[in-house]
Asks: 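Provided herewith is a single structure, encoded as structure tokens, for subsequent inquiry.
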Amino acid sequence: MTNKTKGFILAMLSSCTFGMIPLFSMPCLNAGMDTISVITFRYGLGCLAMLAIMLFQRLSIKISFQEAWRIFILALFNNLGAFTLIYGYKFMDSGAATTIQFSYPVFTCIIMMMFFNERLTLRTATAIVLAVVGVGCLSGFSPGHTNISWLGVFIELMAGLTYAIYLVLVPTLKVRNIESSKLTFYVFLLSTLQLLAVTPLSGGLMTPTQPHVLVNLLMLGLIPTAISNFTLILGLKKLGSTLTSILGALEPLTAMVIGVFVFSEKFTLIIGLGFIAIITSVLLLILHKEAAPAPAQD
């Protein structure tokens, strides 16, 4: 298996697990927890999961000061992206919110073209268009849909922009030589510390009092946090920012499958068209035999 093929698999695994965020976060929000508390527990528990992985791998936890401040910046954008994504659920449906947050592949391509002289190919542009159209179909957008919160739209656009910046920073900041599980651990650790520093602004950290909330927080910290971010960093190192971000189209696709089979949501023609559009977008990227060298291996 080539380095690039591994990158595709890791990036797709990351986006699929990342798509489970509403599945575990919404029950916590509905139980009365505020957004900052949910995200704090998410990254705190994810941090413990990554620490267990590091202990299993017998990795040293030592990092330099230069590495620490770079990871601090990554953690900041990681927090901004996570907060705006979940906070936007208060102002609009999660499907529509996911659609707008998916603007991050477009933001990523624009950033890479503006600051890194990356060329936008016709195939990549077509994949982006298909992915955005597919996500729009899955989220229920239609010509007659007018009940949209513009504040929610702005918040989710910020979620897309900050996540795009995070995707670009991971391979461009000088942290590529840090082992992936260690880098993920420190992103979660510093994210948690940053969140704990601002919890007094929201009235303090809220702790779970109901068993089902605790279970959902544990699953939130493990699946769409530890697993998704760990595979994301591996995928970024092997595949690069642009392709990894576009493969994030599987995130809303995962949410759709969960909605149909777990919550008995309707599978309409529009949803079917969205499914086909996203699969086509992903296949365009996977089947593209690009001659450019892949990023350095981990």
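Remember, it's a predicted structure, so these values are computed and weren't measured experimentally. Hydrogens, waters and symmetry mates are skipped; everything else that's a heavy atom, side chains included, is used.
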Asks: Roughly how far, to the nearest 0.5 Å, is OG1 of Thr192 from CZ of Phe188?
Replies: 8.5 Å
Asks: Measure the CG-CZ distance between Leu55 and Phe185 for me, rounded to the nearest 0.5 Å.
Replies: 8.5 Å
Asks: Heavy atoms, side chains only, cut-off 4.5 Å: are Thr162 and Asn78 in contact?
Replies: no
Asks: For Met158 versus Thr84, what's the shortest heavy-atom pair and its separation?
Replies: C-OG1, 4.2 Å
Asks: Drop me the distance from Asn216's CG to Ser25's OG, to the nearest 0.5 angstrom.
Replies: 8.5 Å
Asks: Taking C-beta and beyond as the side chain, do Phe116 and Thr172 meet within less than 4.5 Å on heavy atoms?
Replies: yes
Asks: Is the backbone N or O of Ala277 less than 3.5 Å from a side-chain atom of Ser281, with the two atoms forming a donor-acceptor pair by type?
Replies: no
Asks: For residues Leu169 and Ile165, determine if any side-chain heavy atom of one lies less than 4.5 Å from a side-chain heavy atom of the other.
Replies: yes
Asks: CD1 of Ile61: more than 12 outside heavy atoms within 6.0 angstrom?
Replies: no
Asks: Using modelled atom types and a 3.5 Å cut-off, is there a donor and acceptor pairing between side-chain atoms of Asn79 and backbone atoms of Ser191?
Replies: yes
Asks: For Ile276 and Thr280, what are the C-alpha separation, side-chain angles and deciding distance, and is it a side chain to side chain contact (heavy atoms under 4.5 Å, CB included)?
Replies: CA-CA 6 Å; Ile276 293 172; Thr280 303; 4.0 Å; yes
Asks: Tell me, do Leu157 and Gln101 make a side-chain contact under 4.5 Å, heavy atoms counted?
Replies: no
Asks: For Phe107, give me all partners under ring pair (Phe, Tyr, Trp, His ring centres under 6.0 Å), at least two apart in sequence or on another chain.
Replies: none
Asks: Are Phe18 and Tyr163 close enough that their ring centers fall under 6.0 Å?
Replies: yes
Asks: What heavy-atom pair brings Ala11 and Thr244 nearest, and what distance separates the two atoms?
Replies: CB-CG2, 4.1 Å
Asks: Can you tell me how far apart CZ (Phe41) and CG (Leu214) are? Round to the nearest 0.5 Å.
Replies: 8.5 Å
Asks: Quickly, which of Thr225, Ile223, Leu85 forms a side chain to side chain contact (heavy atoms under 4.5 Å, CB included) with Ile21? Name it, please.
Replies: Leu85
Asks: Answer yes or no: is there a side-chain heavy-atom contact under 4.5 Å between Leu218 and Leu45?
Replies: yes
Asks: Assess the side chains of Gln66 and Ser64: does a donor N or O sit below 3.5 Å from an acceptor N or O?
Replies: no
Asks: Leu29 versus Ile86: any side-chain heavy-atom pair under 4.5 Å?
Replies: yes
Asks: Would you say Ile110 ends up clustered with Leu122 if hydrophobic residues are merged whenever their side chains have heavy atoms under 4.5 Å apart, either directly or through other cluster members?
Replies: no
Asks: Please check: side-chain N/O of Asn30 versus main-chain N/O of Met26, any donor-acceptor pairing under 3.5 Å?
Replies: yes
Asks: What are the two closest non-hydrogen atoms of Ala226 and Ala49, and how far apart are they?
Replies: CB-CB, 3.9 Å
Asks: Report the relative orientation of the aromatic rings in Tyr87 and Phe83; use parallel for angles under 30°, tilted for 30 to 60°, perpendicular for over 60°.
Replies: parallel
Asks: Does Thr254 use its side chain to pair, donor to acceptor, with the backbone of Gly19 at less than 3.5 Å?
Replies: no
Asks: Going from CG on Leu13 to CD1 on Ile9, what distance comes out if it is rounded to the nearest 0.5 angstrom?
Replies: 9.5 Å
Asks: Do the side chain of Ser15 and the main chain of Leu247 share a donor and acceptor less than 3.5 angstrom apart?
Replies: yes
Asks: Determine whether Ile178 and Ile71 make a side-chain contact, defined as any pair of heavy atoms from C-beta on separated by less than 4.5 Å.
Replies: yes
Asks: Run the numbers on Leu130 and Ile278 for side chain to side chain contact (heavy atoms under 4.5 Å, CB included), then give the verdict.
Replies: CA-CA 6 Å; Leu130 283 173; Ile278 290 177; over 6 Å; no
Asks: Between the main-chain N or O of Met33 and the side-chain N or O of Ser37, is there a donor-acceptor pair closer than 3.5 Å?
Replies: no
Asks: Could you tell me which non-hydrogen atom of Ala82 sits nearest to which non-hydrogen atom of Arg42, and how far apart they are?
Replies: CB-NH1, 3.8 Å
Asks: Shared ILVMFWY cluster between Met54 and Phe56, side chains joined below 4.5 angstrom?
Replies: no
Asks: For a quick test of reading the model, state the closest non-hydrogen atom pair linking Ala31 to His212 and the distance between them.
Replies: CB-NE2, 4.5 Å
Asks: Does Leu217 reach the side chain of Cys28, with side-chain heavy atoms less than 4.5 Å apart?
Replies: yes
Asks: Given the rule in the side chain to side chain contact (heavy atoms under 4.5 Å, CB included) test, do Lys90 and Thr35 qualify, once you have shown the distances and angles that lead to the verdict?
Replies: CA-CA 10 Å; Lys90 292 186 175 183; Thr35 305; 4.0 Å; yes
Asks: Whether the side chain of Glu179 engages the backbone of Ser181 through a donor-acceptor N/O pair (distance < 3.5 Å, no angle test) should be reported.
Replies: yes
Asks: How many angstroms lie between atom CG of Leu232 and atom OH of Tyr166, to the nearest 0.5 angstrom?
Replies: 6.0 Å
Asks: Donor-acceptor check, side chain of Gln194 to backbone of Phe72, threshold 3.5 angstrom: yes or no?
Replies: yes
Asks: Mark yes or no for whether Ser228, through its side chain, and Ser14, through its backbone, hold a donor-acceptor pair below 3.5 Å.
Replies: no
Asks: May I ask you to decide if Met50's main-chain N or O and Lys182's side chain share a donor-acceptor pair within less than 3.5 Å?
Replies: no
